[in-house]
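Note sheet for the following structure.
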Amino acid sequence: MASLVSSPFTLPNSKVEHLSSISQKHYFLHSFLPKKTNPTFSKSPKKFQCNAIGNGLFTQTTQEVRRIVPENLKGLTTVKIVYVVLEAQYQSALTAAVQTLNKNGEFASFEVVGYLVEELRDENAYKTFCKDLEDANIFIGSLIFVEELALKIKSAVEKERDRLDAVLVFPSMPEVMRLNKLGSFSMSQLGQSKSPFFQLFKKKKSSAGFSDQMLKLVRTLPKVLKYLPSDKAQDARLYILSLQFWLGGSPDNLVNFLKMVSGSYVPALKGVKMDYSDPVLYLDSGIWHPLAPCMYDDVKEYLNWYATRRDANEKLKSSNAPVIGLVLQRSHIVTGDESHYVAVIMELEARGAKVIPIFAGGLDFSGPVERYFIDPITKKPFVNSVVSLTGFALVGGPARQDHPRAIEALMKLDVPYIVALPLVFQTTEEWLNSTLGLHPIQVALQVALPELDGGMEPIVFSGRDPRTGKSHALHKRVEQLCTRAIKWGDLKRKSKAEKKLAITVFSFPPDKGNVGTAAYLNVFASIYSVLKDLKKDGYNVEGLPETSAELIEEVIHDKEAQFSSPNLNVAYKMNVREYQKLTPYATALEENWGKAPGNLNSDGENLLVYGKQYGNVFIGVQPTFGYEGDPMRLLFSKSASPHHGFAAYYSFVEKIFKADAVLHFGTHGSLEFMPGKQVGMSDACFPDSLIGNIPNIYYYAANNPSEATIAKRRSYANTISYLTPPAENAGLYKGLKQLSELIASYQSLKDSGRGPQIVSSIISTARQCNLDKDVDLPDEGQEIDAKERDLVVGKVYSKIMEIESRLLPCGLHIIGEPPTAMEAVATLVNIAALDRAEDDISSLPSILAATVGRNIEEIYRGNDNGVLRDVELLRQITEASRGAISAFVERSTNSKGQVVDNSDKLTSLLGFGINEPWIQYLSNTQFYRADREKLRVLFQFLGNCLKLIVANNEVGSLKQALEGKYVEPGPGGDPIRNPKVLPTGKNIHALDPQSIPTTAALQSAKIVVERLLERQKVDNGGKYPETVALVLWGTDNIKTYGESLAQVMWMIGVRPVADTLGRVNRVEPVSLEELGRPRVDVVVNCSGVFRDLFINQMNLLDRGIKMVAELDEPEDQNFVRKHALEQAKTLGIDVREAATRVFSNASGSYSSNINLAVENSSWNDEKQLQDMYLSRKSFAFDCDAPGVGMMEKRKVFEMALSTADATFQNLDSSEISLTDVSHYFDSDPTNLVQNLRKDGKKPSAYIADTTTANAQVRTLSETVRLDARTKLLNPKWYEGMLSTGYEGVREIEKRLTNTVGWSATSGQVDNWVYEEANTTFIKDEEMLNRLMNTNPNSFRKLLQTFLEANGRGYWDTSEENIEKLKQLYSEVEDKIEGIDR
């Protein structure tokens, strides 16, 4: 096996049959569907068994390849050395050093054995490690930064530390550094604030960073210490010299290092004189080229040498050649493990690019980047793009990162920044065979962290040989990396007029009315605004129509975009021979789709590319998955490959249109969700093949960082954020408005004789508004006393205020049109409603409540319980907040409504004291005594937020990307919780996955969990739920820093424990006493996106749940244990396996497909939807075999779900609610659980809503009603949508379709919701005609959805309503047909 892989791994370009068995396995690793070339499918989806290889961990290599036992002892003393390193580059240099010493064999013979940190996960390897330490003389460790493994090493070495002759640990976690021992030198007080080394570890304000200071120290100390007499100083000096030898890493340095340490500290060698020479010092940072005579520390000298190279052709020396900067790790160069670097340099030069390869010895590359890549005189960059081959963050490597410092350096440089990946924890073959792709710890260290610096394109370019530990280039990957780097660089070199741009829009679900779908975005108006701007800027956009409406017409001919008929504008017809020539992976698609051209995006002979070209800009329509209409395919547990039409589209863009860049327009397409490895793809992964060599720029909604991250990692996108539409309060309308007027008159007249009369009007109006489902109303005519009257009114009032103050995104965003200042008011009010303790900012409601001597939390509680006084007070606080903020915004804007530079205005405002606009406003309310200082701090913060909300960077950032510049990175998420998301137009990233859940998230989670359990006890006869089935979403956990993750932990009663670097990699149980209730069992369904982003956290949860299942506790206090024991017995497996509770899709697949089935009406009955859920979501993660990835465990999944008493999901931001997207019902198992339960009882379904400061747990049906009232049935919302025209009709239809989705998965939608929707959109003639004329196709789908809701038994209505719908349906059909003819 090993010999197959030690040669650099390439795939022959010949026919597939000729591939060796291993590469063939690899080539079709992702084609999982049953083999059938014709498109008929067998009825039963096949079962797939994934066999765990070896120990089920990520790497199967062992220490034995690094063990050297001296053969010829000649009676010499044997010195045994055990070492542990993060990466294998020291293996070959150390091995060479020991062999040299043993060959010369003068003083001693050396036995050595080495471990890679990751191997110590394996129990057997760990036992051998402990055994090796028992008779070792010297222990060496370096770069040990993975906490759980660091602790294992610490406990093993501690036992032997006193006996060992020397313990040397180079930069690692403080716990391991404290093990250092060299004579009298130790670091045992490291971590206490006095210790000088600890001072280095603390986050420094200075930019130099830990490693640079350490290097300075290393440089100067030996010289100083030499003259100090004490032993202590000498020992410290030898430690520093050891570090110099180690960082110098060459076999010669290591020979001298071993001589020095053994000669000085091994007792048996005390009298022996072992001469060693001083370390050979290499430059700490500089420029290195394999053919250059030396390392350079001056870029001008290096370029002079480059210009005189004899081996380079003239093209390479010409001033027009592209220049690529490379960032290398010094340890690879000095240890001689640099063949993968050489391969990249040679490949770039072969493609005509000059190379400036720089290296640094520390972990801070920001200095060298500024020193060697930027011309000190002109301040312009020497390079067109930069590729880091280290895989690490620019500043801080695997330890502490300093992202602001990195971003500052990269912004000065201002070129695209790519971070490619060498395999660290796996061998080449292990990576090829893994469905996960990269090892999760490498994803956390080398993908997630560089993204925070603005790094892109995590392409795996080198592998590792299992025997020698040496790196080798993966040639196919290196070719792609180099081509892409040059292409990004070309964007800097080409003129605007000659650049070609392919704008790609999505159409989902495939239907005439859906071309240009994207979350919250008015796509065609945005494209039009972007193209006008590019045209003005000098891009060639010939023939661009006058308006965005005409643009829609031209791309989709008369808005009748339909896939099955060719009246979408056909931009290109590609015949099958051309398609096969341009698409090398075409044969790999035949297994799922038969021979090309197939029947998707084809006319039977050619493959059709839809779209329209304007000069050098092509606007094209991305094909869809292709299987959304086929119920059989939706059942398969693994997703199908892209179809031929999909592949043809990208072949056209890259090879026929020859795009310099592709711009994917809006959230989101399907390319990045195609099958393949999760992260770190190989050339057999479809997203990698499809995107090919085109630089990818992607407009992504700022509030969706998780899917944006998938687009970054799997389609190599530079993701640019856009704003969601400005939020407004939902307000009240029709009967709800009447109710609020009645309540106002009740409050002024309640003590007169008219009180009871008004209350009975309130009750009957509330019934007409269907509020009787949400509030317990007394029967009409029932006598009630004054106290009860107040309570009834209070509860109705609290409900309508909840509806009134709900935030709605109004209309759709247009890129390049930021909201006006007044449109930003509602957002600012919500930003002001949250306490921000870390910045010492109090929330406005809490400041106002304190003025009247109340605590805001108490008022929230009273309001929720319907206490009339508190409901009224909360309304006054809300009103005062809105008033004060509006007054402030008015004063900060000019007559046109634009924000004037706040800073000047603010200073004058903040300097006026009495005249501050918010104070003026509040002086006329009961809150006139509010705390001035707190208000001033809050409004200063709001002033900054206002500037950010109205900033317009979205088109600017796109232009920067198209000009080959660096786009500043920024977090994605909810602007209300985290205003750092603003201004938009940043390159979105997620967060460091090891940083969640935070302490604050755990606090919020506890509150929600306690509320959920209390609520369930009320609905469940006072009993705790035994099991809760819940969903973890990627975006939620990024926005809330892991709140829902922490909820799961708190349910089972464990808490996260952070290490010294603040990373969360372990959990510990909370005692039953502290918990104060039984441990609740969970079934966790992770979305495919969560699985890709947070596999470390899945590991953490699985460890936590299994830990709890093994606790010796009474079963009535530990439901996890109770169920695991029952299931272990039934299934005949051990308790650990029976306690499997963390599930998701198979690697490379996403969603349960229920959403596709519902959107395309391609399902027969609810059982079919439930089968989809079970077959696609039953893949488990196992912390005992993390390297295997997701394994199908359907039996355990079904049994665990069958114990669920409640289902649960979280809503975390106001823009996305239950009916806005199909993801929520796609993951809802409510009806499924009812079918699996032995007693057939329907579980309670709850939704936690943390979108406001007053967190709520509502039932699913309450939430669906709230959603319908504030969106679908609310004139403010639907008029806002209709004002955007064509796209608005589709948004209304989408909400109704998603409501049917909830009926199908949970049955929790009330009949009146459909009835009212019918009254609003169908019975109103004027509305009906507006919908029909604006987007006839979406209107037809709306009618179809109403009829479907009735046909499936979700909506019971009169015959005449149904007749009218059928009649309208045939009218629209005729109208559409008429247009078509």
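Throughout, residue positions are numbered sequentially from 1 according to the sequence presented.
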Is it true that the side chains of [X] and [Y] contain a donor and an acceptor less than 3.5 Å apart?
X       : Y       : value
Ser1306 : Asn1231 : no
Gln1209 : Asp1228 : no
Thr1035 : Asn704  : yes
Gln1170 : Asn1235 : yes
Gln678  : Arg1091 : yes
Asn1118 : Glu1113 : yes

Could you note down all residue pairs passing salt bridge (Lys or Arg N to Asp or Glu O under 4.0 Å) where [range] supplies at least one of them, sequence neighbours left out?
range              : answer
residues 1120-1133 : Glu1026-Lys1122
residues 992-1010  : Glu1010-Arg1077
residues 1169-1181 : Lys1167-Asp1171

Neighbour count above 12 (heavy atom, 6.0 Å) for Asp1112 CG: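 No - once you tally the heavy atoms of other residues, nucleotides and ligands closer than 6.0 Å, there are 12 at most.
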
Atom NZ of Lys1238: over 12 foreign heavy atoms under 6.0 Å: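 Not more than 12 within 6.0 Å, no.
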
[X] side chain vs [Y] backbone, donor-acceptor pair below 3.5 Å:
X       : Y       : value
Glu119  : Leu116  : yes
Trp1050 : Ile1007 : no
Trp431  : Gly680  : yes
Arg1237 : Ala1204 : yes
Asp1205 : Pro1025 : no
Asp835  : Ala837  : no

Under the ring pair (Phe, Tyr, Trp, His ring centres under 6.0 Å) test, residues paired with Trp1033 that sit two or more places apart: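 Partners of Trp1033 under the ring pair (Phe, Tyr, Trp, His ring centres under 6.0 Å) test: Tyr1224.
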
Residues in ring pair (Phe, Tyr, Trp, His ring centres under 6.0 Å) contact with Tyr1246, at least two apart in sequence or another chain: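 With neighbours one apart ignored, the set is empty.
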
Residues Lys1039, Asp1212: salt bridge by 4.0 Å N-O rule: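 Here Lys1039 pairs with Asp1212 in a salt bridge, since their nearest N and O are under 4.0 Å apart.
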
Check ion pair Glu118-Arg121 (N to O, under 4.0 angstrom):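 Salt bridge flag = yes for Arg121 with Glu118.
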
Closest approach of Val1083 to Thr1027 (non-hydrogen atoms, all atoms of both residues):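 Closest approach of Val1083 to Thr1027, heavy atoms only: CG2-CG2, 3.9 Å.
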
Atom of Met1199, atom of Ser1202 and distance for their closest heavy-atom approach: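 For Met1199 and Ser1202, the tightest heavy-atom pair comes out as O-OG, 2.7 Å.
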
Pairing residues for Arg977 by the salt bridge (charged side-chain N to carboxylate O under 4.0 Å, His left out) criterion, not counting sequence neighbours: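 Listed in chain order: Glu1043.
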
Any residue meeting salt bridge (charged side-chain N to carboxylate O under 4.0 Å, His left out) with Glu1166, in chain and number order, not counting sequence neighbours: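 Expected list: none.
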
Criterion side chain to side chain donor-acceptor pair (under 3.5 Å) on Asn1210 and Gln1047, from CA distance to verdict: CA-CA 10 Å; Asn1210 281 287; Gln1047 287 165 359; 2.8 Å; yes

Parallel, tilted or perpendicular: rings of Phe129 and Tyr115 (30°, 60°):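 Rings of Tyr115 and Phe129: perpendicular, as their planes differ by over 60°.
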
Could I get the full list of side chain to side chain donor-acceptor pair (under 3.5 Å) partners for [X], not counting sequence neighbours?
X       : answer
Gln446  : Gln442
Glu1110 : Arg1136
Thr1251 : Asp1249
Glu857  : Arg861

Listed once per pair and sorted, the ring pair (Phe, Tyr, Trp, His ring centres under 6.0 Å) pairs that draw on residues 1055-1105, sequence neighbours left out: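 Matches after skipping sequence neighbours: Phe1090-Phe1094.
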
